[in-house]
Amino acid sequence: MSRVFVSRDMASVALGADDVARAFAAAGCQVVRTGSRGLFNIEPLVEVETEEGRIGFGPVGPADVAAVLDGSHANRLGRIEDLPFFAGQQRFTFARCGIIDPVDLNDYAAHGGWLGLEKARALAPQQVVDAVKASGLRGRGGAGFPTGIKWQTVLDAPAGDKFIVCNADEGDSGTFADRMLMEGDPYCLIEGMAIAAHAVGAGHGYIYIRSEYPFCVATMRAAIEASAHLVAPFVLEVREGAGAYVCGEETALLDSIEGKRGQVRAKPPLPALQGLFGRPTVINNVLSLAAVPFILSEGAEAYAAVGFGRSRGTMPVQLAGNVRHGGLYEIGFGITLGELVNEIGGGTASGRPVRAVQVGGPLGAYFPPSMFHLPFDYEAFAQAGGLIGHAGITVFDDSVDMAHMARFAMEFCAAESCGKCTPCRIGSTRGVEIMDRIIAERDITAPVRPEPVEGRARASTSSARTEGGYLGKALYSRAPDRIDVSIEAQTNLLRDLADTMKYGSLCALGGFTPYPVLSALDHFPEDFGASAPVKEAAE
Amino acid sequence: MEDFVTEWTARHGATRDRLLPLLHAMLEEAGYIDDALVPAIARALNLSRADVHGVITFYHDFRRTAPGRHVVKLCRAESCQARGGAAIEAAAAKRLGVAMGEVRADGQVALEPVYCLGLCAIGPNALVDGRPVGRIDAAVLERIALEVAA
Amino acid sequence: MSDDTHVMSTTDRLVYMAHQIARNMAMMGEAKATEALAEHLTRFWDPRMKAQIIAIAQDQPERLSPVVTAAVARMAQGRPAPQVDAAQFNRVDEAGHCDAG
Amino acid sequence: MSFSRETDHGTPPVLATGKSVTLTIDGQSVTLPEGTSIMRAASLLGGSIPKLCATDNVESFGSCRLCLVEVEGRNGYPASCTTPVAEGMVVRTQTDRLKQLRRGVMELYISDHPLDCLTCGANGDCELQDQAGAVGLRDVRYGYDGATNMGQAKDQSNPYFDFDPSKCIVCSRCVRACEEVQGTFALTIENKGFESKVSPSQGEDFLGSECVSCGACVQACPTASLIEKKVVESGTPDRAVVTTCAYCGVGCTFRAEMRGEELVRMVPWKDGKANRGHSCVKGRFAWGYAQHQDRILNPMIRASVDQPWREVSWEEAIAHTASEFRRIQAKYGTRSIGGITSSRCTNEETFLVQKLIRQGFGNNNVDTCARVCHSPTGYGLSQTFGTSAGTQDFDSVMQADVILVIGANPTDGHPVFASRMKKRLRQGAKLIVIDPRRTDLVQSPHIAAEHHLPLRPGTNVAMLTAIAHVVVTEKLYDEAFIRERCDWDEFMDWAEFVSEAARSPEAIAPLTGVKADDVRAAARLYATGGNGAIYYGLGVTEHSQGSSTVMSIANLAMATGNVGREGVGVNPLRGQNNVQGACDMGSFPHEFSGYRHVSDDATRSLFERTWGVALDAEPGLRIPNMLDAATDGTFKGLFVQGEDILQSDPNTHHVAAGLAAMECVVVQDLFLNETANYAHIFLPGSTFLEKDGTFTNAERRIQRVRKVMAPLNGYADWEIVQLVANAMGLAWTYDHPSQIMDEIAALTPTFAGVSYDRLEAEGSLQWPANDAAPDGTPTMHRDGFVRGKGKFVVTDYVPTDEKTGPRFPLLLTTGRILSHYNVGAQTRRTANTAWHPEDRLEMHPSDADNRGLKDGDWVTLRSRAGETTLRALITERVAPGVVYTTFHHPETQANVITTDYSDWATNCPEYKVTAVQVMASNGPSDWQQDYAEQARNSRRIAPLEAAE
C-alpha cells in the first residue's frame with residue numbers, strides 16, 4: 001500500500017486536486033495532503049513514495065491512478081527537486097512548502113521546525129533583534145524597511161502591552177507567496193511571530209488575512225490551535241479582512257483590527273511607537289516573519305550571505321499572468337528580470353511574444369522587454385521608475401492594450417480608495433475619465449479595440465457637451481465645451497494628475513497608482529495614440 | 001437575529017475590536033446584514049449606530065441585501081486579465097444573465113467582482129459558492145452555469 | 001404627622017421643621033444636639049417664626065420633644081449667636097460661614 | 001466688511017511638557033513646546049499655510065493634503081498639520097513646487113463642487129473659497145461632465161441648521177468634532193472612495209439621527225455644507241461681541257455674531273475657559289425667545305388678579321410699585337413685604353434687588369431660587385470645608401482618575417461639561433454612577449460606568465455612609481492628609497460611627513436595593529483609584545437629607561485626601577447660569593454678600609456705613625415661610641425678579657394660596673409666567689443679550705455679559721430696580737453695572753480684586769479674587785481649608801417622611817432634559833420643542849404591565865399633594881417601583897405633585913422623592929383644565945382705549 005502526496009493548496013484544488021486525492025484513496029493508497037510545491041503547470045501533481053525518494057507525476061487526473069502507481073504515466077517527472085524550475089532555487093523560507101503535511105506538528109518538527117524559536121528563547125531579546133539586523137532582512141511587503149530597526153524601536157518602547165501584527169492582506173494581483181506559505185507551512189509563520197514576540201516583549205499577536213483567502217483562514221486557525229501550547233504565553237489570533245485592498249496598508253490594517261473603517265492614519269506616530277490600540281506594535285508581512293526562523297536556526301550570516309547590494313537574503317518571486325511556468329521561485333536578490341520571465345518563466349503561456357510585465361502588483365510599473373536587464377533589487381527598481389513590491393511579476397503578451405491597463409490602474413484605485421485624502425478620492429475617478437477621453441479620441445483615429453468592460457466605479461462615458469448655451473457662457477472658462485479634449489492636452493493633464501497623486505496622497509494606494517499609469521504611457525506611447533508611429537494593431 | 005448578536009458577544013466579547021468578527025459571523029449565519037440589526041449591534045458593542053453603519057458600508061463583503069442563492073465571484077485583476085479575464089467576464093454575464101456586481105432578478109445567482117484570489121498563474125479564476133475554480137474557459141463556464149442553475 | 005401635608009398650618013410646619021432638624025442632629029448626642037438646634041433656630045429663623053415657636057413651647061408644651069423644648073428655651077434667652085470672628089476670614093482671606101449655596 | 005474671525009491655528013495647543021524645540025520656518029526662527037505641529041508653529045509666526053481639514057479644536061487628520069511643506073533633508077512633501085516640529089528643522093512653506101501641488105489638489109476639489117459662490121449661504125465666510133483664492137486656482141481642466149457628488153437632496157430636518165451634501169468636501173471635520181468635542185459619535189462617513197459621504201447615524205436625516213444638535217459640526221464645517229439657517233436667511237455676520245450664555249451653570253462663553261442690530265448666530269468662544277470652544281443646543285441655537293412675540297414690552301398694572309391687565313407708562317408703574325409697598329408696610333409693618341432674586345439675572349441685578357429689600361424695605365425678607373436647588377450645598381460645604389462653593393474648575397476633570405457622579409445627569413443638565421467628562425473617560429478614567437436611573441453616563445456609545453449603584457430614591461446618606469464604612473474598615477483612608485488637614489479626633493468619632501455594622505453595605509442593601517459587593521467595589525475604586533473627583537447635582541440636594549448627603553460627600557473626599565489639588569474635589573453641578581452668583585450676592589435671608597451672617601455686627605456695620613441706613617440683624621423669611629406668613633395675613637407684598645415660583649416651587653396649591661393672599665405682587669420677567677397669574681404689577685424684563693453685567697458659573701468663574709442689542713422693553717433689569725429704588729427714596733445713581741461691581745468688591749472680601757477692567761484683561765476670574773489670590777482661585781483649599789481644619793460631620797440615614805404605601809406604591813423622582821431649561825419659559829419659545837414637546841412619565845415595563853399601560857398612553861399621576869395627567873414613556877431606564885418626569889411644560893404642572901417635605905437644614909424641597917400612584921386616564925385632569933382656564937383668563941391685556 002503506497003504513500004502518495006497530493007497538494008491541498010487552493011490553486012491545486014481549483015485545478016481538481018481533491019478529485020485526484022479521492023481517486024488514489026479509493027485505490028487504497030495512503031494519501032498525505034501537502035502544500036503546493038509552487039509550479040502550477042504541473043498541477044494537479046501526485047508524488048509517490050519509492051525507495052529512491054518521491055517520484056512526481058503531473059498534471060494528472062482522477063482516471064490516471066493505475067498509470068501513476070505502475071510508473072507508466074506519460075507525465076512522469078521524476079524527483080521534483082531535480083526539475084530545473086526547482087533546482088535553481090534557494091528555498092530558505094519555502095523549504096518545507098509542498099513537502100510536509102501543513103498542520104502535522106511532528107512533520108514540521110522533523111523538518112527543522114521550532115529550532116529557530118528554541119534558539120531565540122535561549123537568547124536575550126536584544127540578541128534576537130541583533131540577529132535580525134545582522135541578517136539584513138528588509139520588509140517583504142514592498143516597503144523594504146529594515147525589519148531589525150523596526151523591532152528595535154518596539155523593544156525600546158516603554159513597557160506595557162505590545163503587539164505583533166502579521167500583514168497577510170496580500171491583495172496584489174500576481175502575488176500568492178503569502179497564501180502558499182500560510183496554506184503550506186503555517187507553523188513557519190507562527191514560529192516567526194513567536195520569535196518576534198520574544199524579541200520585543202509582546203503578549204498578543206494578530207494575523208490579518210484577507211477574506212478572499214478562505215483556505216488560509218481555516219489552515220491558520222487550525223495551526224494556531226494546535227501549536228498554542230508551544231508558543232505560550234504568546235497568544236495568536238486570526239482576524240479576517242472584508243474585501244478592502246487598502247487594508248494592506250499597515251495603519252489601515254490596524255484600524256480594521258480595532259473595529260473601525262479601514263482608513264489610513266497619518267504618520268507620525270509610527271506604529272512601532274503607537275500602533276494597535278495605541279500601543280507599540282511590530283507590523284510585518286508574512287514573508288518577513290516567515291524568514292525569521294531560518295535566520296535564528298541557520299544564523300544571520302547564512303541569510304545575509306545571499307543577496308545583491310543592500311537587498312540581502314532571498315525573495316520568493318511569484319511568476320503570474322500569461323506565463324508558461326507560473327509559480328513561486330525563491331531566489332537571492334540580484335537575478336535579472338529577463339532570467340525570471342524568459343529562462344525560468346518560459347515566456348508567455350499563449351506562445352505570443354512578451355510585450356510587457358507588471359512588477360509589484362496593481363501599483364507596480366510596467367516594464368517592456370528592453371528593460372529585462374534590471375537586477376531584482378529594491379534600489380535598482382526604484383531608480384528604473386518602478387518597485388519590487390511583493391515581488392509578483394505579471395506577464396502580458398502582445399495582445400495587451402496598455403491604455404486599458406492604465407485605465408484599469410486608475411479604476412482599481414477608485415474602487416479601493418479609502419476616500420480619506422483628496423488626491424486619491426477624487427483623482428482616481430478623474431483619472432478614469434481622462435483615460436476614457438484618450439481611448440475615445442485614439443479609437444476615432446485608429447481601428448477600434450475591444451470595448452473596455454465598465455469598471456465597478458461609475459466612470460462617465462457620455463459627456464454632455466453644452467454647445468455654448470447659457471450654461472456654457474455662465475461657466476465660461478470651465479464650460480465643458482472649452483475643455484481641451486485633444487490627446488496631447490489630456491495626456492498632459494494625466495501627467496499633472498499623476499504628479500498630484502504621487503506627491504500629494506496620504507498613502508501608497510494613491511501615491512503609487514501613477515507607477516503603472518506613467519510607465520504604460522512612457523514605454524508604450526503608441527497605445528495612447530501618441531504621435532509616435534502607431535504599431536499596426538495586433539489581430 | 002438580535003439574540004444571535006447578544007449570544008455571540010456574550011461568548012466572544014463585546015469590545016469594539018469584535019465588530020468585524022461579529023459582522024463576519026452574521027454573514028455566515030444570514031448571508032447579509034440587515035440595516036434593522038444595526039441598533040442591536042451598536043448596543044451590544046456600546047458603539048453608536050453611526051459607528052456600525054460607517055464600518056458596514058466601508059467593507060465590500062458586508063452586504064446589506066440578500067445575496068443570490070449562488071454567488072460567483074469572478075476575478076478582475078491584472079493577472080487574470082492577462083489570461084483573457086475580460087472576455088470570460090463578458091461571457092459569464094451573458095451566460096448567467098446577470099450584470100457584473102448585481103444579483104439576478106430571480107435571486108438565483110449573483111455575479112460579483114473580486115480583486116485577486118491569489119491563483120494568478122492559473123487564471124481566469126473564480127470562487128463559485130466559496131469553491132475555487134481555475135483556468136475558466138467556455139467549457140468550465142458552462143459547468144458553472146449548470147451548477148448555479150440548481 | 002397628618003397624612004395630607006398640603007393643609008399643614010404654619011404652626012404645624014414650624015413644629016415639624018424643628019423636630020426634623022432635631023432628628024437629623026440626634027446622632028451628635030443630646031447635649032450637642034440641643035446646642036446645635038438652638039444655634040440653628042437663632043441663625044436661620046426669622047423673628048416671627050421664633051416668636052411662634054416660643055409661644056407654642058409655652059402654650060402647647062406637649063407638642064414639643066424634650067430636645068426641641070430645651071433648644072427653644074435656650075434660643076429664647078436671646079443669647080446672641082456665637083460671634084463669628086470676622087478676622088478669621090481675612091487671614092485665610094476666603095469666604096466665611098453660610099448656610100445655603 | 002471687516003469681520004475678525006478668531007485665528008484658527010489648525011492643530012490644538014500642546015500641553016507644555018517642559019521640553020521645547022527651536023526650528024526655522026521660511027527663514028524665521030521660533031522655539032515651541034515639543035509636539036507642536038509645523039502648521040501651528042507657522043500660524044503662531046503669523047504665516048499662513050493653506051488648510052481645509054485642519055481646525056484647532058480637533059486633532060490633526062492629514063486628509064485634504066493642501067498643507068504640504070518642504071523640510072530640508074526629508075524627501076517628499078510632508079503634511080504640516082501631522083508633522084511635529086523637531087530641533088534644528090528647516091521648513092519652507094511657500095515654494096513654487098508647493099504652489100503647484102496645492103493647485104493640483106484644489107483643482108480636484110473644485111472639479112466636484114458647485115460653482116454658485118455668489119448665491120451660496122457661506123459666500124464670504126467659506127474656507128474652500130478662501131483657499132481656492134490663496135492657491136491661485138484659475139482652471140478646472142477636468143471639465144464638468146464627469147462623476148460628481150453634486151445635486152444631492154438637502155437635509156433641512158434640523159430646525160436650526162441645514163446639511164447640503166452637494167457642498168461637502170469630505171474633510172471629516174464634522175465627524176471628528178462630533179466624536180472628539182461632543183462625544184456623541186452621531187456622524188460617520190458612509191461608503192468609501194469617491195462615494196464617501198457624511199452620514200448621520202444610518203444615513204438618516206439629522207433630526208431623526210443620534211445627533212443632539214450641539215452645533216459643533218456646523219462650527220467645524222469649512223463650507224456651506226453645514227450652515228445655520230439664520231445665516232442663509234439673513235447673510236454672514238459683520239461684527240462679534242463676546243458674552244456668556246444665560247442657560248445652565250456651565251457658563252459657556254459665546255461670540256454673538258451680529259449683522260447690524262440683528263443677532264445672526266451664537267458661536268462658542270475658543271478662549272472661554274469654562275467651555276473651551278464648545279456649546280450645546282440651548283446656548284448655541286435656542287436664543288430666539290429674545291425676540292419672541294410673547295415678550296411683554298410695556299409695564300402693566302391691575303387692581304386685582306381677576307381683572308385684565310392695563311398697560312401704563314413706566315413712570316406710573318414704578319410710582320405705583322413704590323406707593324403700594326410703602327402702603328402695605330405702613331398697614332402691616334416693616335417685615336410684611338419681601339422679594340425674590342433671580343438666578344438668571346446678573347450679579348449686579350441680584351445685588352441691587354437684595355439691596356433694595358435690605359436698604360429700601362428695611363428687612364431681610366429676600367430669598368432666591370437656589371433655595372430649591374443647591375441650598376444644601378451651601379450649608380453642607382460651609383459646615384465641612386468653610387465655603388459654600390465647588391472646589392475645582394472644570395478643567396480639573398481632565399486630571400481625574402476616578403469620577404464619581406451622584407444624583408446628576410450631566411449629559412442632559414450640563415452637556416458641555418459632560419462632553420469634557422466623557423473625553424476624560426475615553427482616555428481611561430474610571431466612572432462610578434450612583435443614581436436610581438440608568439442615565440446616559442451609565443452606558444452610551446464609548447462610555448461605560450465601571451460601577452452603577454441604582455439605589456432607591458431617598459437613600460443617598462445610607463449609601464454614602466456605607467461607602468465610608470468600607471473606606472474606614474478596610475483602612476483605605478489617607479491618614480497623612482487627615483492628620484495634617486483635619487481634626488484627627490473628629491475623624492476618629494466619625495470613623496467609629498461609620499464603622500458600626502449597621503452602616504455596612506450588607507446592612508443597607510435591603511434599604512437601597514443595591515448589592516453589597518458592588519458598593520464595596522465602588523468604594524475601593526474611589527479610595528484607591530488615584531485622583532478621585534465627585535460631581536453631584538439636584539439628585540443629592542433635593543431631598544429631606546440634602547444637607548446631610550452633601551456633608552457625607554465632603555467626609556468621603558476628606559477621608560480619602562481627595563481635596564486641594566487638580567483632578568479631585570467636591571463639585572456641585574449648579575443648575576442655572578447665575579445661581580452661584582445669586583448666592584454670592586447675599587440673596588439668602590440670613591446673610592449678606594460673601595456668605596456673612598446678618599447678625600455679624602462687623603459686617604453689618606460695614607454695609608450700614610456704606611448704605612447709610614440701619615440694617616435688620618435678624619434673618620428674614622425663606623420663600624415657603626413667606627407663603628405661610630401670607631396665608632397667615634402677616635406678609636402682603638412681594639417683588640419677584642426673573643423667577644416663576646408657581647411652576648418651579650413645590651406644592652403648587654400652597655404657592656397659589658400664598659400668592660392669592662397678598663395685596664401686591666410685582667413680577668419682573670420677560671413673559672407673563674405662571675406666577676404673573678397672581679400678580680398686580682408687571683414690569684417687563686430684558687434678556688442677557690440686552691444688558692451688560694456678569695454671571696458666575698458653577699466653578700466660581702465670574703464672566704462678562706455684554707449688551708449686543710438695545711433692550712426691547714426699554715431698560716436693562718438693573719435700571720428698572722434702580723427706578724423702583726429711587727421711587728422709594730433711595731439715592732442710587734449707578735449709570736453702568738461696573739459701578740455696582742465696584743461696590744460689591746468694596747463690600748465683599750472674596751470679590752475684593754474683581755473689577756470690569758480686570759475681567760476685560762483676564763477674560764474671567766474665579767473668586768476668591770483678592771490680595772491673597774490676585775489671579776483668582778481655580779482650586780480651593782490648596783493649603784488649608786477655608787475654615788482652617790476640615791470638619792468631619794457625623795451623618796446618619798433618617799428615612800424621609802414621604803413613604804410609599806398601598807395608596808401611593810411608586811416613587812417619583814424628577815429631572816431635566818437636554819433640549820429644555822428649568823421651567824422651559826425660554827426654551828418652549830424656541831424650536832427646541834422639536835425634541836421634547838411635552839413632559840413624559842418614564843415607567844418600567846413591569847410597572848406599566850400590571851397597570852395595563854402601553855407606551856404613549858395618557859396616565860394620571862397622583863400624590864398626597866395633588867394630581868396631574870401626562871403621557872407614559874415605557875423604558876428600562878428607570879428601575880421597577882420608580883417613575884420619573886421633567887417639569888418643563890406648564891400644562892403638566894409636575895409640581896402640583898411634589899410635596900412640602902424639604903431638606904431639614906435649608907428647606908430645599910424634596911422633589912426627588914414623592915410617593916405616587918399611576919393609573920390610566922382619558923386626558924387632562926379637571927384641575928389642569930381649571931388651571932389652564934384661569935391662566936388664560938389672567939393673561940388678558942385690555943386693549944388700550946378700553947382701559948377703564
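Residue numbers start from 1 in every chain, and the chains themselves are labelled A, B, ... in the order their sequence lines are given, proteins ahead of strands. Values in this document were obtained by computation on a predicted structure and should not be read as measured data.
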Top contributor to chain B interface from D:Gln443, D:Glu204, D:Glu190, D:Glu210 [non-hydrogen pairs under 4.5 Å]: D:Glu210
Portion of D:Ser444 that has a non-hydrogen atom of chain B nearer than 4.5 angstrom: backbone
Carboxylate-amine/guanidinium contact D:Lys423 D:Glu180, below 4.0 Å: no
Salt bridge (charged side-chain N to carboxylate O under 4.0 Å, His left out) assessment of D:Asp440 paired with D:Lys422: CA-CA 11 Å; D:Asp440 283 353; D:Lys422 286 194 290 186; over 6 Å; no
Identify all side-chain donor-acceptor contacts of residues 133-141 of chain B below 3.5 Å with residues at least two apart in sequence or on another chain.
unit_1	atom_1	unit_2	atom_2	d
B:Arg135	NH2	A:Phe40	O	3.0
B:Asp137	OD1	B:Ala139	N	3.1
B:Asp137	OD1	B:Val140	N	2.8

Ring centroid separation D:Tyr535 to D:Phe417 under 6.0 Å: yes
Residue part contacting chain B, namely of D:Ala448, when any heavy atom lies under 4.5 Å: both
Residue part contacting chain B, namely of D:Glu179, when any heavy atom lies under 4.5 Å: neither
